[in-house]
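Along the sequence shown, the residues carry numbers beginning at 1.
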Amino acid sequence: MKNGILIMFAVLLISVITFATASSQEDVSYIDTSSFGKTVRGMVPFEHDEHNDNAGLEDCNICHHVYEDGIFMEDESSEDQMCSECHDEDSSGDKPPLRTAFHKNCKGCHLESKAGPVMCGSCHEKN
């Protein structure tokens, strides 16, 4: 009888711990790097809604910008496009290359707002 109660308690405890651990972790999404050739650093985990809530960002075009003839279009957003649709992996004209565009957009905002990571290992997971 004692062994049966101990086994049931152990199974219950393991179930509770497993459920609590699984439900406390959100699905982590990553910045899409499929347009890059070979990458040196690990992927960058990015929770879009959580990031925007923490940063107080409401305008999509702050990150998902659109430029026409070098002029920022305030009422337009590129959120339905991949960054690589405008930015090549290599430099092209006035547009920065894709890797530079990512770093300039993210790191530049973090530096300007004096909030958020700016060092490589702070964003990129170790391989």
Side-chain angles (χ1 to χ4, degrees):
M1 177 88 175
K2 270 186 173 180
N3 287 342
I5 292 173
L6 282 173
I7 291 172
M8 285 178 49
F9 179 74
V11 169
L12 179 64
L13 182 63
I14 291 170
S15 298
V16 167
I17 290 171
T18 302
F19 178 75
T21 303
S23 64
S24 68
Q25 296 177 356
E26 293 183 35
D27 291 334
V28 176
S29 56
Y30 291 88
I31 299 292
D32 183 1
T33 58
S34 62
S35 298
F36 291 103
K38 183 181 177 195
T39 58
V40 177
R41 297 252 176 207
M43 296 182 71
V44 177
F46 184 73
E47 293 298 330
H48 185 269
D49 292 338
E50 182 180 327
H51 173 269
N52 291 348
D53 288 344
N54 290 339
L57 299 175
E58 294 180 16
D59 292 331
C60 297
N61 66 357
I62 290 172
C63 298
H64 302 278
H65 54 258
V66 174
Y67 285 88
E68 287 184 17
D69 298 323
I71 298 170
F72 175 65
M73 306 305 290
E74 289 185 39
D75 296 331
E76 304 224 11
S77 172
S78 63
E79 62 192 292
D80 59 341
Q81 299 174 308
M82 298 283 294
C83 298
S84 59
E85 289 183 38
C86 291
H87 297 274
D88 298 328
E89 193 166 354
D90 299 315
S91 184
S92 58
D94 293 340
K95 297 176 192 174
L98 184 59
R99 189 176 319 271
T100 302
F102 266 108
H103 287 118
K104 186 176 178 182
N105 204 25
C106 301
K107 185 177 173 181
C109 184
H110 292 172
L111 287 168
E112 185 179 312
S113 64
K114 296 182 173 126
V118 293
M119 301 301 293
C120 303
S122 300
C123 293
H124 294 272
E125 290 183 337
K126 290 184 179 183
N127 289 333

Tell me, please, which residues at least two apart from Glu89 pass salt bridge (charged side-chain N to carboxylate O under 4.0 Å, His left out).
Arg99

What is the minimum heavy-atom distance between Cys123 and Pro45, and which atoms define it?
O-CD, 3.4 Å

Using every non-hydrogen atom in the two residues, find where Cys86 and Lys95 come nearest and quote the distance to one decimal.
O-CD, 3.1 Å

Does any N or O in the side chain of His124 come within less than 3.5 Å of the main-chain N or O of Gly42, such that one atom is a donor and the other an acceptor?
yes

Using modelled atom types and a 3.5 Å cut-off, is there a donor and acceptor pairing between side-chain atoms of Thr100 and backbone atoms of Pro96?
no

Take Ser29 and His48, measure what side chain to side chain contact (heavy atoms under 4.5 Å, CB included) needs, and give me the verdict at the end.
CA-CA 8 Å; Ser29 56; His48 185 269; 5.9 Å; no

CG of Asp80: more than 12 outside heavy atoms within 6.0 angstrom?
yes

Heavy-atom count around Glu85 CD within 6.0 Å, excluding the residue itself: above 12?
yes

Which residues pass the side chain to side chain donor-acceptor pair (under 3.5 Å) test with [X], not counting sequence neighbours?
X: Asp59; answer: none
X: Glu125; answer: Tyr30
X: Asp53; answer: none

Using atom types as modelled, flag every donor-acceptor pair under 3.5 Å from a side chain in residues 61-70 to any protein atom, sequence neighbours excluded.
from  : atom 1 : to    : atom 2 : distance (Å)
Asn61 : ND2    : Glu74 : O      : 2.3
His65 : ND1    : Cys63 : O      : 3.3

Among Ile, Leu, Val, Met, Phe, Trp and Tyr joined by side-chain contacts under 4.5 Å, find the other residues sharing a cluster with Ile31 and list them by chain and number.
Phe36, Val44, Phe46, Leu98, Phe102

Distance check, rounded to the nearest 0.5 Å: Met73 atom CE versus Ser78 atom OG?
12.5 Å

Supply the atom-to-atom distance Cys83 SG to Asp88 CG, rounded to the nearest 0.5 angstrom.
12.5 Å

Sub-4.5 Å side-chain heavy-atom contact between His87 and Pro97
no

In the structure I gave you, are the side-chain heavy atoms of Met82 and Asp32 within less than 4.5 Å of one another anywhere?
yes

